[in-house]
Q: 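Got a structure for you, questions after.
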Amino acid sequence: MAQILDRAMVVARGAVAREIDGNFTIYDKENDSVMVLNDSASAIWRLCDGRTGSAIVDELAHHYEANRNEIERDVEAVLERLMTSGLLVRDVVGS
Amino acid sequence: MADGLASSGPWEFEVDLLGTRIRTRVDDPVLARRLQHLLGDSQALPAGRDVESFEIAGADGSDWILRRNGGGIFRTDTRQRLVEHYFSILNELALDNFSGLAVHAGVVAQGRCAIAFPGPSGAGKSTLVAACVAAGFDYVSDEALCINLSGDLVPYPRPLMLSEASRRVVRPTEVIPNPLPSKHAVSPADLGGRASHSPLQLTHVILADRGGALGLEAIPSSQVIPELLERSFNRHGDPAATFNLVANVARDCRAWHLGYTNAMEAAGLIRRDVPFQTTC
């Protein structure tokens, strides 16, 4: 868990995101595929601007009244999926 | 003549389908009138740039023959198969030449508000559209939701292509002589309805699930994006631009999931439960 939360991540160059009614839909130009994010994944995506996963957890824990461990698990799972899908990449400049 | 055809042949008419100008010359007055009737809702559109010419011959009682631009020939012994093939070619031409976003979908309208039902071939779009027309909605298309590059909905009122089974759903008392396994071309007027000629705004997208329990449920608009992209005919030219157009469509409309088994019941449910703003 710690490994992925320690990484700084940014949106991949081939990802095109559109926010509709508060939720993001991501188009992946490389794979010609679409991913529709739910509320919590959209909140995490919005923070993927080069900060680390842990910083994202801090930000969400500050705004939402949820157990920090639960937030960490959510962030880890969402980041893992977005990275596996190629929509997020490690920020080599910021890390 | 009242229908615009000359008293002696060959008979010729022109229509515009999504900006493609189609000129057709027919040597049979009955067929010429029928085709002109079926394409009547396309004639009010402005003239397009390209002209494709078709010639249909068969009045001498031998095979029916279709020629395109004086070249390729399609020959068949039944008028119905010729008509089906003719409309199939017209459909391909119109969609190939359309420069905006074309999504495989049925579309109907109430006033200026349009509803789209995206779905693949065989999903029951034409039957659902026909049922909606019979239920009082205006006809827009049974084939494609067309959005130009400015984001405006462009009507594509080609004739509805209905199987015999679909016709029986919509008009259960109709007697169909010598039914063939192919599809029948019918106009919205044949179903007791009419085509929409209003400027239209797409306000609803319905993901229809034929075979599900009857019900209409609001879903997040973003959920229609994958379906609209999957069903688009022409996204491969510029996929990212297509995604943005589709996202704009989703942003500006309400989305629904419809379960149904009987298209007429589904049309009644849509008519009752889908809200339409008075302004559109």
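Proteins come first, then strands; the chains are lettered A, B, ... in the order of their sequence lines, and each starts at number 1.
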Q: Supply the atom-to-atom distance F243(B) CZ to D28(A) CG, rounded to the nearest 0.5 angstrom.
A: 10.5 Å
Q: Within this structure, what is the OH-CD1 distance for the pair Y27(A) and I225(B), rounded to the nearest 0.5 Å?
A: 12.5 Å
Q: To the nearest 0.5 angstrom, please state how far the OG atom of S221(B) sits from the CD1 atom of I20(A).
A: 7.0 Å
Q: Around atom CZ of R271(B), are there more than 12 heavy atoms of other residues, nucleotides or ligands at under 6.0 Å?
A: yes
Q: Identify which one of L229(B), L228(B), V246(B) satisfies the side chain to side chain contact (heavy atoms under 4.5 Å, CB included) criterion when paired with V34(A).
A: L229(B)
Q: Kindly compute the distance separating CZ (R18(A)) from CG (N248(B)), expressed to the nearest 0.5 Å.
A: 4.5 Å
Q: How long is the gap from CG on D21(A) to CD on Q223(B), to the nearest 0.5 Å?
A: 11.5 Å
Q: Side chain from CB out, backbone as N, CA, C, O: work out which of these in V36(A) comes under 4.5 Å of a heavy atom of chain B, or both, or neither.
A: side chain
